[in-house]
Structures are given as C-alpha cells and as structure tokens.
Amino acid sequence: MAARIVLAAALLAAAFSFPAAANPAAEALIAERQCVACHGPAGVSAVPLTPSLAGQQADFLALQMILFREGLRQVPAMAEPVRGLTDQQILDIAGWFAAQPSAPKPDRGPRDEALARRGAELSAARNCNACHLTDYAGRANVPRINHQREDYLVHSLTQYRDNLRVGADTQMNGLMHGLSNADIRAIAHYLAHRD
Amino acid sequence: MITSRRILGLAALAALLPGFALAQQTQAPPAWAQGRPPEMANSRLAPHPPRLTVTPPERVPVASLRLPEGFQAELWAHGLPGARVMVRGPGGTIFVGTRVIGRVYAVRDTGSERQVSILLQGLTQPSGLAIRDGALYVAAINRILRIDNVEQNLANPQPVELTAAFGLPEDVHHGWKHIQFGPDGRLYVPVGVPCNICETDGERYALIASFNPDGSDRRIEARGVRNSVGFDFHPRTGQLWFTNHGRDWAGNDNPSDTLHVNLRRGEHHGFPWCAGGFQDPAVPRDRLCSEFPPPALILGPHVAPIGTHFYTGTAFPERYRNALFIANRGSWNRERLSGFNVVVVREVEGGRLIQEEFLSGLRDDANQRFLGRPAGLLTMPDGALLVSDEENGAIYRITYRGR
C-alpha cells in the first residue's frame with residue numbers, strides 16, 4: 001500500500017515536473033493571480049519599482065499581503081491580486097516565493113565604489129544589520145534587503161522616511177528619519193551591489 | 001514635537017555613532033537607539049513578529065497551559081488573529097480589539113460554539129475597547145469611535161467619530177491604547193511616550209487622562225507614566241490600578257515593569273527619571289526616585305503587562321475574589337525570555353501585595369521560545385475568566401472545578 005502511494009506520487013511528480021518542494025496549490029494560485037507577470041518568473045523582478053520576491057522571508061511576505069488585503073498598506077497594483085485571499089493562500093504564496101533561490105540581480109549595473117562606501121558607512125551607523133543580519137538576508141518579518149532592485153530600495157526607504165509606509169512597528173520610520181535623498185541612494189546602491 | 005534639546009542620551013549616541021550623530025545633531029535618534037548603551041550596540045534583540053494568520057484550533061497550545069490545582073482551561077474561541085482586549089456587551093457579545101491587523105471582532109456564544117465575525121477592519125491598531133449604555137467605544141491610534149446599540153448592529157455598524165472631541169496625539173509609537181470607563185462614568189485614556197526614553201511635554205504625553213464620554217472635560221489623572229496598556233478600578237475602593245512598561249535597552253534586569261495605585265489625582269509616577277525604583281542613568285538626575293510614590297508592586301523586567309483586571313466573579317476560591325490578574329505578553333528586549341504568563345496579585349497580611357504565577361506553560365525556557373502571548377482578561381457572568389492569546393488569535397476559558 002505504502003509503496004504504491006510512493007510510486008504514484010513519484011509518477012505524478014515526474015508527469016508535472018514539480019521540483020522537490022513544490023506546492024501545486026501555491027503554483028496554481030500564483031498563476032491565477034499573475035504574480036510573476038510583475039515580480040518575474042521565480043520571483044526575480046525585471047520591472048522598475050517592483051520588488052524581487054525570490055528568497056524573501058516568508059513571514060515578511062505574509063505580513064505584507066495581509067496589510068494589502070486589509071487595506072492597511074495601500075499600493076494600487078496590489079489591491080486586485082490579493083483580493084479575497086485566505087490566510088492559508090497567503091501562507092502558500094509566501095512560502096513559494098521564499099523557497100525560490102535568491103541571488104544578486106543579474107542586470108544590476110556597474111558598482112560605484114564611492115557611492116557604495118558611503119552607503120556602507122550609513123548602514124553601519126544606523127545598525128541595519130542588527131535586525132536585517134550581517135548578510136542583509138533578514139529574518140522572520142524583517143525582510144531580505146540584499147539581492148533587491150536598487151530602484152525599489154530607493155522607493156521603499158523613501159516611503160519609510162516620509163511616513164508613507166509603516167510595518168508591524170515604527171522602527172523603520174524612526175530609522176530613516178533625517179536621511180537625505182542622496183543618503184538613501186547610497187544605501188540602496190550599497191545593498192543592491194552586495195553578493 | 002521633539003526638539004534636539006529634549007533628546008536624552010544624544011552624547012552617548014554621538015560616542016556610539018560618530019558619523020551619524022555629527023550629521024544629524026538636530027534629528028531625533030530612532031527608538032532603537034534611544035538610551036542604548038555602547039555595549040548593546042550590536043545586540044540582535046528585536047520585537048517578535050506578530051502572527052496575523054489564523055492558527056488552526058488543533059495548533060492552539062491549550063494543552064500546554066498550566067494552572068493551579070482545581071482549575072482547567074479550554075479553547076473557547078479561535079480564528080481571531082491578533083486578539084487582545086476583550087469587553088462584554090449587555091447582550092453577551094464579546095468584542096475583541098487588536099493591533100497590527102486593524103480589526104475589531106465580535107464573538108457570539110450560541111451555547112455549543114462561538115461565532116466570530118469582523119465588526120470593524122482597516123483601523124490603525126484598535127487596541128482599546130470600552131462599553132457603556134450599549135455603545136462600544138473604540139480607540140485606535142488616530143481615532144476614537146463610538147458605535148451606538150452595537151449589538152443590534154453587528155452586521156452594519158455605524159461609527160460616530162469622536163476623534164476631534166478627544167483631541168489626542170496621533171503618534172504611532174506607544175500610541176496604542178487601553179481605554180475603560182471608571183466608576184465615575186468617565187472614560188480613562190492613557191497617552192504613552194512617543195519614544196523609548198525622552199523628555200516630552202508631560203501635560204500631553206506620559207499620562208493617563210479621563211474625559212466625559214463625549215470627549216469633553218479632559219482631566220489628567222496620573223503623570224509620569226511611560227506606557228500603560230492595562231488598568232482597572234478596584235471593585236471596592238474604586239481606585240485606579242494600572243500597569244506600566246519600563247523602557248528598553250537598560251539591560252536584562254532593569255528596569256522592571258510595575259503596578260501602581262493612583263492614590264491622588266494628577267500624581268506623578270516618575271517617568272523619565274525613575275521607573276520602579278530604577279534611577280535611569282540616561283536621564284539627568286534633576287529628580288530622584290525618592291520624590292515619587294513607589295510602585296505598588298515590581299512585576300519583573302520586560303514582562304510586558306497588558307491585561308490588568310480585577311476578578312469580580314465568585315466561582316473561583318475565596319483567595320482570588322477581587323484579586324488582580326495581570327496578563328504578561330512577554331519580553332523581547334531581554335536575552336532570556338520573561339513573562340508570557342498570567343499572574344495574580346493578592347493582598348496578604350499587613351496590606352502587602354504579592355504576585356503568584358496563575359497561568360504558565362507558554363514560555364519554553366529550555367528552547368528559549370514561546371507558544372503564545374497572553375494579552376486580555378475578562379470575568380464572565382458565570383465566574384469563568386477569559387484569557388486572550390494574541391499570538392494564536394485564540395481565547396481560553398478558565399474555570400474552577402474544585403480539588
């Protein structure tokens with residue numbers, strides 16, 4: 001009995017070419033909601049101002065989808081895709097993107113050493129790695145901020161600074177307070193050009 | 001609102017973060033840096049992420065709960081992510097407030113089961129609820145609402161906006177509130193400090209005020225209160241008993257969170273200079289701990305008292321009647337977890353107060369993790385005690401069966 005189930009599962013897997021950790025429900029949902037049309041196949045975004053989600057922290061993704069669904073974070077492009085999602089569907093989608101391999105963005109452009117150094121200094125001064133950790137991969141509801149699109153990092157950090165966006169708490173708003181646009185560009189450049 | 005003159009510990013911050021401080025001398029340091037000593041600069045302590053999705057009933061840790069002999073716990077309601085404060089309408093509906101998920105739930109008990117519905121959503125941390133004359137008062141960070149005849153309008157609530165009448169600050173940091181009507185019929189509303197440690201306008205922040213139900217006639221009841229998110233009125237004396245959260249980044253064991261009794265209207269309880277007998281080294285010693293009334297009880301470092309509730313039923317043994325129950329949501333700014341339990345504060349001989357652990361089992365000391373976060377407390381007409389678990393979006397019902 002057990003052997004037959006294993007065999008059937010293996011055949012099924014082979015027939016649909018799912019990777020080992022695949023979640024068919026999540027994949028169907030992601031196709032239906034057209035997530036990858038903007039966020040990119042396997043979650044690596046080629047669309048300006050649209051974040052890559054590959055390897056992002058699942059708790060962070062779930063939190064953001066809930067904030068979108070509840071109308072607490074308002075991003076017009078996300079209103080329809082999350083409409084009516086159940087908690088389980090949100091967890092499934094978050095888990096799928098979190099499981100996609102994260103890597104430096106392939107077309108991130110050349111590194112400006114002076115700008116990156118300035119960004120590194122600012123990041124160290126504001127202790128970014130206390131919460132985002134030393135490799136900036138994040139943890140739980142603290143997002144991964146390496147391997148991200150540089151333009152999206154600028155956009156997101158600016159929103160926090162200008163109190164246009166809040167998270168589960170006010171840490172990021174307080175943290176960004178007083179930074180100039182040039183400071184934010186330097187931090188984003190530094191983060192986007194880390195490996 | 002906060003000027004550079006008022007920022008405490010800027011000198012320490014400058015030593016810690018020279019590049020930042022030189023460039024930003026006129027800016028407020030972010031909350032994570034306020035009062036943070038150099039030796040904790042690289043600490044990885046951070047607030048725990050809130051769980052905002054439904055926890056299936058089979059995964060709610062009711063079987064892990066430990067209670068004194070003769071008590072038992074059951075899962076009374078589930079599927080309320082972020083459940084915190086609970087109040088009961090005259091028709092028996094339990095209303096439940098939240099923070100990050102922005103909802104107010106209504107729970108109807110059909111006898112065999114509880115039906116949970118979302119009464120309000122999309123609010124900014126509606127953690128304060130109070131009931132009076134069939135109306136539900138809701139305090140979010142930036143709004144005060146009243147829903148008249150709320151139990152007759154569960155499907156279509158029509159909030160009346162009282163925000164302007166109350167005229168409260170809208171700062172997000174420590175702006176989430178507990179509210180409650182006092183025996184004098186006035187609505188008591190705390191305003192926390194918009195920081196970890198700072199000197200603020202003490203007539204606007206760091207206080208508990210009371211108002212007429214329509215928001216008029218503001219009166220300061222208690223001053224020097226850093227952040228109270230739980231209070232109640234003694235069933236016999238009517239005195240205001242409130243819990244207070246001590247600040248972060250002063251070490252694993254300092255300062256303690258505290259319980260206070262407000263003996264005189266307008267009394268100052270010590271913030272920012274003193275917290276539970278701890279003279280804050282980050283604050284100029286303009287005023288000393290000896291100038292302030294001592295807390296009624298030291299609760300413990302970083303335990304985070306939320307629900308602060310006198311048990312007014314008669315179903316529990318004599319020693320628990322009119323005793324104060326405190327739900328500790330649990331620590332984040334401490335290397336080893338503290339709190340994540342419910343304690344009971346009782347008066348013993350000589351009028352001395354003691355605390356005993358009442359509900360435990362949610363803090364896993366061996367693995368330094370927690371299974372749930374107690375937040376709200378409510379005595380039911382049958383003498384059962386409801387305890388909400390914010391982490392699991394669940395409500396437990398505690399009853400006494402005898403030995």
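All values reported here derive from a predicted model rather than from experimental measurement. The basis for the numbers below is simple: all heavy atoms, side chains too, and nothing from hydrogens, waters or symmetry mates.
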Heavy-atom cut-off 4.5 Å, strictly under: side chain, backbone, both or neither for [X] against chain B?
X        : result
A/Leu122 : neither
A/Glu121 : neither
A/Ala168 : both

Turns out that what part of B/Ile101 lies under 4.5 Å from chain A's heavy atoms comes down to both

Portion of B/Pro81 that has a non-hydrogen atom of chain A nearer than 4.5 angstrom: side chain

So how far is it from [X] [atom1] to [Y] [atom2], rounded to the nearest 0.5 Å?
X        : Y        : atom1 : atom2 : result
A/Ile90  : B/Thr53  : CD1   : OG1   : 8.5 Å
B/Trp332 : A/Asp169 : CH2   : CG    : 8.5 Å
A/Asn141 : B/Arg51  : CG    : CZ    : 12.5 Å

Could you have a look at A/Leu91, A/Asn163, A/Leu67 and say which one has the most heavy-atom pairs with chain B under 4.5 angstrom? A/Leu91

Look at A/Gln88, A/Arg69, A/Arg139 and state which one has the largest set of heavy-atom pairs under 4.5 Å with chain B. A/Arg139

Considering residues, nucleotides and ligands other than A/Arg111, do more than 12 of their heavy atoms fall under 6.0 Å from its CZ? yes

Could you give me the CA-CA distance, side-chain angles and deciding distance for A/Val166 and B/Thr124, then say whether side-chain contact (heavy atoms from CB on, under 4.5 Å) is met? CA-CA 10 Å; A/Val166 294; B/Thr124 303; over 6 Å; no

For A/Ala130 against B/Arg44, the heavy-atom pair lying closest together: O-CD, 3.1 Å

Closest approach of A/Asp87 to B/Leu52 (non-hydrogen atoms, all atoms of both residues): OD2-O, 4.1 Å

Taking side chain as C-beta onward, heavy atoms only, is [X] less than 4.5 Å from [Y]?
X        : Y        : result
B/Pro194 : A/Thr170 : no
A/Glu70  : B/Val100 : no
A/Val142 : B/Pro49  : no

Evaluate A/Leu72 against B/Arg103 for side-chain contact (heavy atoms from CB on, under 4.5 Å), listing each step before the verdict. CA-CA 11 Å; A/Leu72 294 165; B/Arg103 294 175 178 170; over 6 Å; no

Holding to ring pair (Phe, Tyr, Trp, His ring centres under 6.0 Å), I want the full list of residues that pass it with B/His178, two or more places apart in sequence or in another chain. B/Phe231

